[in-house]
Number of protein chains: 2
Amino acid sequence: MTDSTRASARGAGKRRRLAAAAAAVLHRQGAERTTIADIAAAADVPVGNVYYYFKTKDELVQAALAEHAGNLAELTGELGKLPDPLRRLKALVEAWVAQRDVAARYGCPTGTLAVELDKRAEGGLDLEAGRVIRLLLDWVEHQFRDLGLPDPEDLALTFVGAYQGMSLLANALRDPEIMTRQGARLTRWLDSLDGGGTGARPAP
Amino acid sequence: MTDSTRASARGAGKRRRLAAAAAAVLHRQGAERTTIADIAAAADVPVGNVYYYFKTKDELVQAALAEHAGNLAELTGELGKLPDPLRRLKALVEAWVAQRDVAARYGCPTGTLAVELDKRAEGGLDLEAGRVIRLLLDWVEHQFRDLGLPDPEDLALTFVGAYQGMSLLANALRDPEIMTRQGARLTRWLDSLDGGGTGARPAP
DNA sequence: GTCTATACTAGGATAGAC
DNA sequence: GTCTATCCTAGTATAGAC
């Protein structure tokens with residue numbers, strides 16, 4: 001290994017630390033209230049050095065979104081090991097409910113970022129969070145399709161919409177129990193869809 | 001009428017214009033990206049004069065929230081004229097769907113503000129948006145209670161959560177049709193609750 | 001009560017030494 | 001590849017003339 005590859009390896013390490021720190025800090029403080037210095041401190045990287053890895057703050061936001069997309073891919077990868085699509089969706093609800101305290105305090109990482117970036121048209125990042133949400137929607141839609149249910153796209157919107165809605169309410173009211181109770185409702189809804197046979201159940 | 005009361009009347013007019021402008025501009029640009037100058041321009045009031053009516057930017061945000069609360073009270077007041085609670089809720093869904101283009105572009109005014117204010121702990125406004133959402137929740141819960149359905153509080157959370165979720169998705173994906181389709185689902189859900197008789201329908 | 005000019009600060013970004 | 005010092009802009013808020 002040459003000096004330069006070792007340097008690159010160290011550099012890549014810092015880059016990754018900065019991306020992970022960006023994801024975490026942006027979630028807690030929001031995109032606008034977070035300064036480069038905040039992210040640098042969280043990643044234990046000197047402030048001035050950040051610009052070597054990310055030329056602008058927007059690039060850091062982009063990196064945070066990639067981080068969220070990666071986390072999502074990891075989660076759906078795990079869930080994909082379950083044989084039954086219905087069990088996969090139920091396990092996803094369980095994962096959401098398990099995060100109830102974080103959701104009540106800071107909301108859904110991607111959802112809140114989507115709201116903030118929408119108001120930030122300049123950088124052209126206003127649609128990027130939507131892309132990450134789209135990844136989740138597509139995966140969920142695939143599960144509903146595998147279950148043989150009609151309108152899998154609408155079902156996915158209902159399902160993910162319910163998650164975003166309960167996260168926002170839990171956050172706005174600072175009440176993690178909202179995640180628990182609405183999560184239980186979502187699970188019962190999934191059961192009713194599968195048990196219903198015809199799939200004609202009119203639930204939202 | 002004395003000079004001072006006339007002056008007060010003019011003053012109150014400007015104050016009201018500023019509050020209304022704050023509500024509108026904060027919705028479009030977000031709390032962080034909006035400057036005092038933006039609000040002043042929208043209200044057609046000279047920048048420096050703003051501070052006579054609102055000592056800080058936070059007070060303007062507070063005024064915008066009061067504006068949203070007022071709009072909500074007006075809407076529920078109208079809906080209250082309908083004799084049947086079920087019709088009231090359906091009419092509320094219709095009102096939401098009618099705003100689909102605004103929702104797809106800027107999200108729910110109160111919901112997006114709740115997300116932003118959550119990250120803005122300093123001013124102590126972080127829970128204020130939640131209070132406005134609570135007003136809506138209480139009204140909706142009341143309708144479900146009048147329908148004689150069990151767990152009206154949870155039903156209200158599901159109903160309002162569905163609205164917040166569909167607004168966020170419509171906004172993140174810039175697709176007003178999401179409001180239309182999910183609104184139709186919500187309406188069918190309401191019908192199923194009422195028609196179900198037992199109210200044991202497991203929908204989320 | 002209305003408006004102008006300006007003080008002050010935070011924070012993004014860059015130059016350039018090492 | 002790492003870090004310091006600094007420039008520069010934007011935006012809140014105030015002082016004070018009218």
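Residue numbers start from 1 in every chain, and the chains themselves are labelled A, B, ... in the order their sequence lines are given, proteins ahead of strands.
Side chains of B:T34 and A:K119 form no contact here, defined as non-hydrogen atoms less than 4.5 Å apart. You'll find the side chain of A:D146 stays beyond 4.5 Å of the side chain of A:D84, heavy atoms only.
Listed by first and then second residue, the salt bridge (Lys or Arg N to Asp or Glu O under 4.0 Å) pairs that reach into residues 93-109 of chain A are A:R105-B:D118, sequence neighbours excluded.
B:R88 pairs by the salt bridge (charged side-chain N to carboxylate O under 4.0 Å, His left out) definition with nothing, not counting sequence neighbours.
Between the CG atom of A:D44 and the P atom of D:dT2 there is a distance of 13 Å, rounded to whole Å. Distance B:R15 CZ to C:dT2 P: 13 Å, rounded to the nearest Å. Distance CZ (B:R17) to P (C:dG1): 15 Å, rounded to an integer number of Å. Between the CZ atom of A:F54 and the P atom of D:dG1 there is a distance of 14 Å, given to the nearest Å. Atom CD in B:E59 sits about 12 Å away from atom C1' in D:dA13, given to the nearest Å.
Aromatic pair A:W96/A:F159: ring centres closer than 6.0 Å.
At most 12 heavy atoms of other shown residues, nucleotides or ligands fall within 6.0 angstrom of atom CZ in B:R87.
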Take nucleotides 11-18 of chain C nucleotide by nucleotide from the 5' end and write B, S or -, depending on whether a protein heavy atom sits under 4.0 Å from the base, only from the sugar-phosphate, or from neither.
-> SSBB----
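For the OP1/OP2 pair of C:dT2 and a distance below 4.0 Å, the side-chain nitrogens and oxygens of B:Y52 include no atom meeting the criterion.
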